[in-house]
Visitor: 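My questions all concern the structure below.
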Amino acid sequence: MNRRTRLWLVAAGGAGLAVLLVAACLELPAFGGADHPYGDRAVRASLSRHTANAIASVNFDQRAYDTLGEMTVLFAAVLGCVVLLRQTRDEHRARPEPEEVAPPVRRYALVVLPVVLLTGLYVIAHGQLSPGGGFQGGVVAATALHLLYLGADYRALERIRPVGRYEVGDAVAASAYVITGLACLIGGTAFLANTVLPYGTFNTLSSGGTVPLLNAAIGMEVACAVVVLLARFLDQAVEIEEESGK
């Protein structure tokens, strides 16, 4: 495919997207009005299913199918990076040499690492109750592991980051999200409909029906995906070298 054809395809896709966007905007309620039908319905649905965080209710209940699409985009991006950044025939691995780390950086990184990791897990676990959730908590938890790279060295990071296991974890988490939706179908409701599990007591960890399960699946998928992405880029920057030595 030549450059001109690609430009025409991009222009056609962009024009179609613009038409759909304008059509959707024309149907929105008037700006600044007192009527907020979508917000009112979202909050009402969130409270009826004992989900204290209305945003989590929207993401993992009212539009859980859309969230599945977002997760699929991230999964595809990770898969693409794994394929594109794999070691090629004209490259070889060179064991990285440890670098000197300033004592204040080492102390700060190693002290903050468990705090950040626990914060990420807390954000995931309490996604149905407070601001945050699987997407945010997954990124925080994955980033926490890489503080070991800053505070110690690359080899220390490798010991707690077996990339193959995180790749499996990414696939398992994505599958768990889909399996939860299939369980809803088996239970006689719509795909990913929040009607299979009891809603529990409002404002507790066990509340929200399937929202905590989907939120945990997203948290695991995002955390594993970010670890795999950073691992592949770090491999290119630290380990993999061309035969010429560059």
Visitor: Which atom pair, heavy atoms only, marks the closest approach of Ala109 to Leu147?
Guide: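 For Ala109 and Leu147, the tightest heavy-atom pair comes out as CB-O, 3.5 Å.
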Visitor: What distance do Tyr154 atom OH and His146 atom NE2 have between them, rounded to the nearest 0.5 Å?
Guide: 8.5 Å
Visitor: Apply side-chain contact (heavy atoms from CB on, under 4.5 Å) to the pair Asn59 and Glu70, showing each step before the final yes or no.
Guide: CA-CA 10 Å; Asn59 288 336; Glu70 296 170 0; 5.7 Å; no
Visitor: Among residues at least two apart in sequence or on other chains, which ones pass side chain to side chain contact (heavy atoms under 4.5 Å, CB included) with Ala216?
Guide: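 Not a single residue meets the side chain to side chain contact (heavy atoms under 4.5 Å, CB included) criterion with Ala216.
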Visitor: Side chains of Val22 and Leu26, heavy atoms from C-beta outward: is any pair under 4.5 Å?
Guide: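 In contact.
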Visitor: According to a 4.5 Å side-chain heavy-atom criterion applied to Ile, Leu, Val, Met, Phe, Trp and Tyr, with indirect links allowed, do Val140 and Val228 form part of one hydrophobic cluster?
Guide: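 Val140 and Val228: one cluster.
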Visitor: Can you establish whether the number of heavy atoms outside Tyr65 located under 6.0 Å from its atom OH is more than 12?
Guide: no
Visitor: Can you tell me how far CG of Leu234 sits from CG of Leu157, rounded to the nearest 0.5 angstrom?
Guide: 7.0 Å
Visitor: CZ/Phe233 to SG/Cys81 distance, rounded to the nearest 0.5 angstrom?
Guide: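 If we round to the nearest 0.5 Å, Phe233:CZ and Cys81:SG are 4.5 Å apart.
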Visitor: Near Phe191 CZ, under 6.0 Å, is it more than 12 heavy atoms from other residues, nucleotides or ligands?
Guide: yes
Visitor: Indicate yes or no for a side-chain donor-acceptor contact from Ser207 to the backbone of Thr51 under 3.5 Å, with no hydrogens or angles considered.
Guide: no
Visitor: Indicate the atoms forming the closest heavy-atom contact of Val227 with Ala142, along with that distance.
Guide: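 Of all heavy-atom pairs spanning Val227 and Ala142, the closest is CG2-CB, 3.7 Å.
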Visitor: Counting C-beta onward and ignoring hydrogens, is there a side-chain heavy-atom pair between Leu110 and Leu148 closer than 4.5 Å?
Guide: yes
Visitor: For the residue pair Asn2 and Arg6, confirm or rule out a side-chain donor-acceptor distance under 3.5 Å.
Guide: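 Absent: no donor and acceptor within the cut-off.
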Visitor: After noting the C-alpha distance and the side-chain angles of Arg161 and Leu145, does the key distance pass the side-chain contact (heavy atoms from CB on, under 4.5 Å) rule?
Guide: CA-CA 8 Å; Arg161 190 210 58 187; Leu145 299 180; 5.7 Å; no
Visitor: Using side-chain contact (heavy atoms from CB on, under 4.5 Å), reason through Leu21 and Cys25 one step at a time and then give a plain yes or no.
Guide: CA-CA 6 Å; Leu21 181 61; Cys25 289; 4.2 Å; yes
Visitor: Would you say Met220 and Met71 are hydrophobically clustered, going by side-chain heavy atoms of ILVMFWY under 4.5 Å?
Guide: no
Visitor: Show every donor-acceptor pair shorter than 3.5 Å between a side-chain atom in residues 124-132 and any protein atom, with sequence neighbours excluded, or say none if there are none.
Guide:
from: His126; atom 1: ND1; to: Tyr122; atom 2: O; distance (Å): 3.0
from: Gln128; atom 1: NE2; to: Leu205; atom 2: O; distance (Å): 2.8
from: Ser130; atom 1: OG; to: His126; atom 2: O; distance (Å): 3.3

Visitor: Can you list, pair by pair, the side-chain donor-acceptor contacts under 3.5 Å of residues 9-20, counting residues two or more places apart and other chains?
Guide:
none

Visitor: Would you confirm whether Arg63, through its side chain, and Val58, through its main-chain N or O, come within 3.5 Å as a donor-acceptor pair?
Guide: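 Not a single qualifying donor-acceptor pair exists.
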Visitor: Do any N or O atoms from the side chain of His50 and from the backbone of Gly208 form a donor-acceptor pair under 3.5 angstrom?
Guide: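 Not confirmed, His50 side chain does not pair with Gly208 backbone.
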Visitor: Cut-off 3.5 Å, side chains only: do Thr180 and Thr210 have a donor facing an acceptor?
Guide: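 Thr180 vs Thr210: no donor-acceptor pair found between side chains.
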Visitor: Leu185 and Leu214: same hydrophobic cluster, using ILVMFWY side-chain contacts below 4.5 Å?
Guide: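 The answer is yes; both residues are in one hydrophobic cluster.
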Visitor: Enter the distance from Arg165:CZ to Ile160:CD1 here, rounded to the nearest 0.5 Å.
Guide: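 Arg165 atom CZ to Ile160 atom CD1 measures 12.5 Å (nearest 0.5 Å).
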Visitor: Can you confirm whether the side chains of Asn215 and Tyr177 place a donor and an acceptor under 3.5 Å from each other?
Guide: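 Result is no, nothing qualifies.
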Visitor: Do Tyr166 and Val116 belong to the same hydrophobic cluster, where Ile, Leu, Val, Met, Phe, Trp and Tyr are linked whenever their side-chain heavy atoms lie under 4.5 Å apart, directly or via other members?
Guide: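 Both belong to a single hydrophobic cluster.
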Visitor: Looking only at heavy atoms, which two atoms of Val196 and Ala183 are closest? And how far apart?
Guide: CG2-O, 4.3 Å
Visitor: Which heavy atom of Glu221 sits nearest a heavy atom of Ala173, and at what distance?
Guide: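 Of all heavy-atom pairs spanning Glu221 and Ala173, the closest is N-CB, 3.4 Å.
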Visitor: Apply side-chain contact (heavy atoms from CB on, under 4.5 Å) to Glu167 and Cys224, showing your working.
Guide: CA-CA 7 Å; Glu167 290 175 344; Cys224 292; over 6 Å; no
Visitor: Nearest 0.5 angstrom please: Glu158 CD to Tyr149 OH, how far?
Guide: 10.5 Å
Visitor: Show the nearest heavy-atom pair for residues Ala190 and Cys184, with the distance to one decimal.
Guide: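 Scanning both residues completely, I find the closest heavy atoms to be O-CB, 3.3 Å.
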Visitor: Kindly indicate whether the side chain of Val226, heavy atoms from C-beta on, has any atom under 4.5 Å from the side chain of Val78.
Guide: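 Not in contact.
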Visitor: Keeping the roles fixed (side chain from Thr189, backbone from Thr195), state whether a donor-acceptor pair exists under 3.5 Å.
Guide: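 It does not hold such a pair.
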Visitor: What are the two closest non-hydrogen atoms of Ala54 and Ser46, and how far apart are they?
Guide: CA-OG, 3.5 Å
Visitor: Main chain of Leu68, side chain of Thr72: is a donor-acceptor contact present, judged purely on distance under 3.5 Å?
Guide: yes
Visitor: State yes or no: do Leu229 and Val172 share one hydrophobic cluster built from I, L, V, M, F, W and Y residues joined by side-chain heavy-atom distances below 4.5 Å, directly or via other members?
Guide: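 Looking at the clustering, Val172 is in a separate group from Leu229.
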Visitor: In Å, rounded to the nearest 0.5 Å, how long is the span from CZ of Arg49 to CZ of Arg44?
Guide: 11.5 Å
Visitor: Should the pair Phe60 and Phe135 be assigned to parallel (<30°), tilted (30 to 60°) or perpendicular (>60°) ring geometry?
Guide: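 Ring orientation, 0 to 90° scale: parallel.
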